[in-house]
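Values below: all heavy atoms of this structure, side chains included; hydrogens, waters and symmetry mates excluded. Here is how names work: the chains are called A, B, and so on, in the same order as the sequence lines, proteins then strands, and each is numbered from 1.
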2 protein chains.
Amino acid sequence: MRRELQTVRAFNRALTRRWRSASGPAPLAEREQGVDRVLLGVGRRGSSERALRERLALDSGYLSRLLRALERQGLVRSEARSGEDARRRFIVLTRAGLARLRRFDAQDRARVRSLLAPLTACESQQLLEAMALIERLLRRSGVVIGAVDPAGAAARWCFAQYFDELDARFPGGFDRRTGRGAVRAELLPPRGRLLIARLDGAPVGCGAIRELAPGVLEIKRMWVAPSARGLGIGRELLEALERIARRRRARLIRLDTHATLNEALRLYRKAGYRRIARYNDNPYAQRWFEKRLR
Amino acid sequence: MRRELQTVRAFNRALTRRWRSASGPAPLAEREQGVDRVLLGVGRRGSSERALRERLALDSGYLSRLLRALERQGLVRSEARSGEDARRRFIVLTRAGLARLRRFDAQDRARVRSLLAPLTACESQQLLEAMALIERLLRRSGVVIGAVDPAGAAARWCFAQYFDELDARFPGGFDRRTGRGAVRAELLPPRGRLLIARLDGAPVGCGAIRELAPGVLEIKRMWVAPSARGLGIGRELLEALERIARRRRARLIRLDTHATLNEALRLYRKAGYRRIARYNDNPYAQRWFEKRLR
DNA sequence: GAAGATCTCTGACTAGAGTCAGCGTATGCG
DNA sequence: CGCATACGCTGACTCTAGTCAGAGATCTTC
């Protein structure tokens with residue numbers, strides 16, 4: 001632990017020195033507060049005040065005041081959208097606001113440039129790769145997996161995303177009604193289990209098991225949000241489901257999937273699933289796998 | 001540039017999310033302000049108020065108030081040291097203050113642990129290595145090399161450090177008077193040049209050339225502060241000196257060194273210097289090198 | 001159509017992190 | 001000795017980033 005702590009501290013210190021010090025370039029993170037944060041939050045496309053408040057986790061009164069300040073500076077315009085709820089206000093950037101956004105961009109570029117300039121090509125390559133790795137691992141380390149009720153909001157959101165994706169990827173589309181049926185009891189203990197992966201609180205993946213026959217479980221609804229792919233969430237979900245299966249003394253796990261779901265096929269193969277013959281009549285299934293648990 | 005900017009931004013965002021978010025562990029950097037910063041600044045050994053003010057770049061009035069607050073909490077004691085300037089105050093941590101420091105330590109450990117806990121051993125290894133690399137490269141990218149007057153404060157400080165090190169590492173010690181002599185003119189243009197490397201403004205290395213004969217330059221006083229070794233500063237200094245030599249159309253660079261200075265020997269070999277016979281009567285030299293410039 | 005919820009806005013307030021000008025004492029130097 | 005300067009201390013002030021409690025308009029639901 002000693003070494004780890006030292007490494008993290010040294011890393012932190014170097015970052016603050018280089019990003020927050022007067023001598024180095026100003027921090028990219030400088031605009032994480034106050035008016036500028038709001039300006040960035042509004043973005044090129046604009047945003048409803050409501051959404052902005054939730055995204056930035058700001059007090060409604062405070063946000064209102066910040067927006068008024070931005071309006072006074074002519075950077076932002078707050079408009080009521082006809083046909084919509086007249087209480088809601090929609091915020092868009094004015095021309096000046098957009099220019100300000102572009103200036104932020106230019107500043108950041110200059111900062112990154114001044115960060116990389118003293119390094120050789122090889123070194124700056126290394127730096128960027130290390131940053132990308134850290135970003136990935138930090139996000140990865142923010143993932144929490146837990147069991148939920150299939151009827152809850154998070155589960156329903158995941159399922160909707162999952163079905164949307166199936167619909168988009170299956171050549172003939174996907175009929176959502178197939179998935180519905182009397183699932184809730186099937187995926188709730190004692191018969192089954194639904195796990196959800198969350199990243200910073202927001203659901204980014206799911207996976208479930210249900211009982212096919214005594215000692216035989218089936219994996220269903222494995223899905224990871226596109227924004228969170230590549231973090232190993234799928235594998236983690238799968239492993240968690242297998243742990244549950246083992247605890248129940250299941251001897252076999254089966255699953256079906258579609259030939260177009262490459263990531264899933266790769267995941268299952270890597271986890272030791274072997275292709276078998278059709279074992280069900282799921283009209284959307286094209287591949288069947290199983291894994292024997294020991 | 002687009003890609004670099006995106007990488008740096010994503011990295012930054014992931015860091016702030018994970019370190020400054022309510023959901024994740026609290027930031028290690030949390031104590032970079034106010035009372036706690038002062039407490040950390042005082043440190044186990046104590047510090048004079050003056051030194052503290054400079055180190056933390058605080059207003060004297062503000063620091064005084066912060067210290068009074070810490071004193072009221074019983075974390076710090078401010079004492080006049082007998083025999084010294086009676087205006088100066090020396091700050092030491094009380095027992096409670098030391099305990100607080102230890103608590104900070106424990107907190108940081110817990111944070112690092114919670115950061116690494118969700119990762120596999122391999123992943124956390126990768127994370128720490130990437131952090132170490134970034135730290136190194138960020139420090140590296142803060143290094144600035146420039147020519148200075150050998151009689152200036154920065155140069156004199158470097159020379160003193162250099163001689164101290166020679167004295168410590170040479171089996172028979174090193175007599176500083178050897179180095180003195182009429183150096184200033186030798187290391188000033190047009191006859192020679194002295195370069196100093198600075199990290200965040202503080203000198204961390206030096207290197208000079210002087211003319212031995214027409215077309216033949218000699219490298220002198222190559223030194224990098226122990227705290228800044230491993231960043232490639234030596235190589236960068238050497239390359240800068242060689243660039244100067246080339247600009248002067250020198251055809252040969254020579255140098256002497258001591259057998260105990262391993263890092264220097266390695267540096268010279270790697271840069272293409274080849275060992276030659278003794279070419280001067282420097283009593284402290286044991287190895288002689290040269291490199292032909294093209 | 002009334003009750004309650006939702007959305008934005010306003011005013012009053014707070015806590016933290018400083019800044020600034022000047023005070024009193026101690027010291028160093030001519 | 002006298003004077004400029006250094007050091008720490010105090011009081012008064014500022015600026016930022018909020019929080020909190022409601023008010024008024026608008027929408028949803030029964």
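- In this structure, the CG atom of Leu66(A) is 14 Å from the P atom of dT8(C), given to the nearest Å.
- Computed from coordinates, the Leu70(B) CG to dA17(C) P distance equals 12 Å when rounded to whole Å.
- Look at Arg9(B) and Asp105(A) and you find a salt bridge, because one of the NZ, NE, NH1 or NH2 atoms lies within 4.0 Å of a carboxylate O, short of that distance.
- Classified by interplanar angle (parallel below 30°, tilted 30° to 60°, perpendicular above 60°), the ring pair Phe163(A)/Phe174(A) is parallel.
- For DNA chain D, the span of nucleotides reached by chain A at under 4.0 Å from its heavy atoms goes, 5' to 3', from dA17(D) to dC27(D).
- Summarising the geometry, the separation between CG on Leu58(A) and C1' on dC7(C) is reported as 16 Å, rounded to the nearest angstrom.
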Base-contact (B) and sugar-phosphate-only (S) positions in nucleotides 20-30 of chain C, heavy-atom cut-off under 4.0 Å, - elsewhere: B-----BS---
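- Contact between Leu56(A) and Val38(A) at its shortest, heavy atoms only, is CD1-CA, 3.9 Å.
- Atoms CG (Leu67(B)) and C1' (dA17(C)) sit 15 Å apart, rounded to a whole Å.
- Looking at Arg111(A) and Asp108(A), a side-chain N of the basic residue comes within less than 4.0 Å of a carboxylate O on the acidic one, giving a salt bridge.
- Atom CZ of Arg53(B) is separated from atom P of dG18(C) by 15 Å (rounded to the nearest Å).
- Going from atom CG of Asp36(B) over to atom C1' of dG16(C) covers 12 Å, rounded to whole Å.
- Judged by distance alone, with hydrogens and angles left aside, the side-chain atoms of Thr7(A) form no donor-acceptor pair with the main-chain N or O of Leu128(B) at under 3.5 Å.
- Ser141(A) contributes no side-chain N or O that, together with a main-chain N or O of Pro118(B), makes up a donor-acceptor pair within less than 3.5 Å.
- Of the listed residues (Arg81(A), Arg89(A), Arg87(A)), just one forms a side-chain hydrogen bond (donor to acceptor under 3.5 Å, both in side chains) with Asp85(A), and that residue is Arg87(A).
- Per the geometry, CG belonging to Leu56(B) stands 13 Å off P belonging to dT19(C), to the nearest Å.
- Counting all heavy atoms, side chain and backbone alike, Val148(B) lies closest to Ala155(B) at CG2-CB, 4.3 Å.
- Between Ser47(B) and Arg55(B), the side chains place a donor N or O and an acceptor N or O closer than 3.5 Å (distance only, hydrogens not considered).
- Here the closest non-hydrogen pair linking Leu137(A) and Leu119(B) is O-CD2, 3.8 Å.
- Comparing the end axes of the helix from dG1(C)-dC30(D) to dG30(C)-dC1(D), each fitted to five base pairs by superposing C1' atoms of four pairs onto the next four, gives an inter-axis angle of 10° (nearest 10 degrees).
- Salt bridge annotation for Glu49(B)-Arg53(B): absent, with no cationic side-chain nitrogen under 4.0 angstrom from a carboxylate oxygen.
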